[in-house]
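Data block below; observations after.
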Amino acid sequence: MAILTTVEHPDDPRIDDYRDLTTADRRPDRPGGRGLVIAEGVVVVRRLLDSPYPVRSLLGVPRRLDELSDELAGVDVPAYATDADTMARAVGFHLNRGVLAVADRAPAPSLDDVLARARTLAVCEGVGDHENLGSLFRNAAALGVDAILLGPGCSDPLYRRSVRVSMGHVLRVPFTTLDGAWPASLDRLREAGFTVAALTPASDAEPLATAGLGGRKVALLLGAEGPGLTDEALAAADRRVRIPMASGVDSLNVATAAAVAFHAVAFHAVTGGG
C-alpha cells in the first residue's frame with residue numbers, strides 16, 4: 001500500500017525526482033537528463049501504475065491522489081501530497097492535471113522478440129516531434145498495431161510530452177530501436193516474413209484501400225512530418241502505398257496518416273472490421 005505523506009516545501013529532498021522537469025525529464029545522455037519516465041495526470045498515472053515500468057513515487061494535490069486511492073492500495077511506493085503552488089515551484093511550471101508519477105525505465109524488448117510476436121508493425125524514420133510520436137503510439141494502441149520500431153532520427157518515446165500526448169499508451173505498446181545500417185536493417189523484417197509498405201503521398205503509389213495488405217504480416221514505414229520518408233527508405237520498401245486525398249491537399253500529419261493506415265491494415269485484421 002502506498003505511503004501517503006505531506007510535502008510543505010518545494011526544496012524537500014524527497015521530491016528531487018520532480019525538480020525542474022523542463023530539463024530533468026530528458027534521457028540520461030542529454031544535458032540535465034535523469035532518464036526517468038514521468039506520467040502526468042490521473043489517467044496516465046493509472047497506466048504507469050499498471051505498466052512494467054518500476055514506479056518510484058507520486059506527487060500531487062490531495063484531490064488527485066484521492067482519485068487514485070484504489071490503484072495506490074496495491075502499490076508500495078511513497079505518495080507525496082502538497083498544494084498546487086508548492087508543486088509548481090518544485091517542477092518549474094504550473095501543472096493543471098494535479099498529479100505526477102515517476103518511474104525507472106524498463107529494458108526494451110529485443111527485435112527478435114518483437115518480430116516473433118507481431119503481425120503488424122509501425123517503423124518510424126525521422127519522427128522527431130515528441131507530440132507526433134506520442135499521438136502515433138496512441139493510435140497504434142487503439143488500432144491493433146503490435147509494436148513500433150524506431151529508425152534513425154526518432155525522438156524519445158518516453159519523454160514526458162510523448163507520454164502525455166499518448167495518454168500513457170506509450171507505456172503499453174512495445175517498442176525498440178531498429179539497429180544497424182539504415183535502411184538495410186529493414187531486411188530483418190523481410191526475413192521474418194513481413195511485407196515492408198512505405199506510406200507516401202506520391203501519385204504513383206498504390207492506393208492503400210486496394211493494396212491488399214490486410215491479413216498478412218505488414219511493417220508500415222512512416223516518415224517525418226514535412227519531408228516524409230527519405231529516398232533510400234522508399235527504395236528499400238517492398239510496396240509504396242498512399243492515402244487518396246481531395247484535390248489541393250498534399251499530405252496529412254504523420255500521426256493522422258498512420259491512424260488511417262493502422263485502421264486499414266491492422267484493425268480490420270484484429271477485429272474482422274468490427
Side-chain angles (χ1 to χ4, degrees), residues 1-26 33-106 130-145 148 155-175 255 259:
M1 183 173 183
I3 303 167
L4 185 63
T5 56
T6 300
V7 167
E8 297 180 346
H9 197 279
D11 293 331
D12 191 316
R14 293 176 296 174
I15 60 171
D16 280 348
D17 282 347
Y18 301 92
R19 201 167 315 288
D20 300 322
L21 289 187
T22 52
T23 56
D25 62 345
R26 299 173 184 171
R34 293 194 287 267
L36 297 174
V37 181
I38 300 167
E40 191 175 329
V42 169
V43 172
V44 181
V45 169
R46 280 197 179 110
R47 289 181 176 141
L48 179 62
L49 291 168
D50 192 39
S51 79
Y53 295 85
V55 177
R56 295 161 63 101
S57 67
L58 289 84
L59 173 67
V61 298
R63 181 167 67 94
R64 296 305 185 195
L65 292 174
D66 286 346
E67 292 180 49
L68 291 161
S69 58
D70 289 345
E71 290 81 5
L72 293 178
V75 296
D76 184 19
V77 297
Y80 301 114
T82 192
D83 60 84
D85 181 64
T86 300
M87 191 171 180
R89 290 164 63 196
V91 305
F93 55 89
H94 181 71
L95 189 78
N96 292 327
R97 292 166 181 82
V99 65
L100 294 163
V102 296
D104 293 312
R105 296 190 177 217
H130 292 99
E131 295 190 0
N132 281 337
L133 193 62
S135 295
L136 198 149
F137 268 88
R138 185 177 183 182
N139 294 337
L143 298 171
V145 172
I148 293 178
S155 59
D156 180 6
L158 296 178
Y159 180 65
R160 175 174 52 87
R161 211 167 3 159
S162 291
V163 175
R164 183 187 71 222
V165 172
S166 79
M167 292 303 294
H169 291 296
V170 70
L171 306 171
R172 59 173 286 210
V173 176
F175 68 88

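Please read all numbers here as calculations on a predicted model, not as lab measurements.
Residues satisfying the side chain to side chain donor-acceptor pair (under 3.5 Å) test with Ser51, not counting sequence neighbours, are none. Arg63 is linked by a salt bridge (charged side-chain N to carboxylate O under 4.0 Å, His left out) to nothing, counting only residues two or more places apart in sequence or in another chain. In this structure His169 satisfies the ring-ring contact (aromatic ring centres under 6.0 Å, His included) test with no other residue, sequence neighbours excluded. Listed by chain and number, the residues in a ring-ring contact (aromatic ring centres under 6.0 Å, His included) with Phe137 are Phe175 (sequence neighbours excluded). Here Ser69 pairs with nothing under the side chain to side chain contact (heavy atoms under 4.5 Å, CB included) rule; sequence neighbours left out. By the side chain to side chain donor-acceptor pair (under 3.5 Å) test, Glu67 pairs with Arg64, sequence neighbours left out.
With hydrogens and angles disregarded, no donor-acceptor distance shorter than 3.5 Å links the side chain of Ser135 to the backbone of Ala255. The closest donor-acceptor contact from the side chain of Tyr18 to the backbone of Met87 lies at 3.5 Å or more, if one exists at all. The backbone N or O of Thr86 lies less than 3.5 Å from no partner atom in the side chain of Thr82, so there is not a single donor-acceptor pair.
Side-chain contact between His130 and Arg160: absent, with no pair of heavy atoms (C-beta onward) separated by less than 4.5 Å. Looking at heavy atoms from C-beta onward, Leu49 lies in side-chain contact with Val45 at the 4.5 angstrom threshold. Looking at Val163 and Leu48, their side chains never come closer than 4.5 Å, going by heavy atoms from C-beta outward. Residues Val75 and Leu58 have side chains not in contact (no heavy-atom distance under 4.5 Å, counting atoms from C-beta outward). Annotation: side chain of Val145 is not in contact with side chain of Val173 (no heavy-atom distance under 4.5 Å).
Residue pairs meeting the salt bridge (Lys or Arg N to Asp or Glu O under 4.0 Å) criterion with at least one partner in residues 42-53, sequence neighbours excluded, are Arg46-Glu71. Judged as a salt bridge (Lys or Arg N to Asp or Glu O under 4.0 Å), the pairs with a partner in residues 79-88 (not counting sequence neighbours) are, in order, Asp85-Arg89.
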Report task. Would you check, one step at a time, whether the test side chain to side chain contact (heavy atoms under 4.5 Å, CB included) holds for Leu158 with Leu171? Result -> CA-CA 8 Å; Leu158 296 178; Leu171 306 171; 4.2 Å; yes
Query raised in the report: For Ser57 and Val77, what are the C-alpha separation, side-chain angles and deciding distance, and is it a side chain to side chain contact (heavy atoms under 4.5 Å, CB included)?
Result: CA-CA 5 Å; Ser57 67; Val77 297; 5.5 Å; no
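Here Asp156 pairs with Arg105 in a salt bridge; the nearest charged N to carboxylate O distance falls below 4.0 Å.
Atoms CG and CG, on Asp76 and Leu72 in that order, are 11.5 Å from each other to the nearest 0.5 Å. Within the model, atoms CZ of Arg161 and CG of Asn132 stand 10.5 Å from one another, a figure rounded to the nearest 0.5 Å. Between Leu133 atom CG and Ile148 atom CD1 the span is 6.5 Å, to the nearest 0.5 Å. The CG atom of Leu65 sits 12.0 Å away from the OH atom of Tyr80 when rounded to the nearest 0.5 Å.
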Ignoring hydrogens and angles, write down the donor-acceptor pairs under 3.5 Å from the side chains of residues 90-104, residues two or more places apart or on other chains.
residue, atom, partner, partner atom, Å
Arg97, NH1, Glu40, OE2, 3.4
Asp104, OD1, Arg56, NH1, 2.9

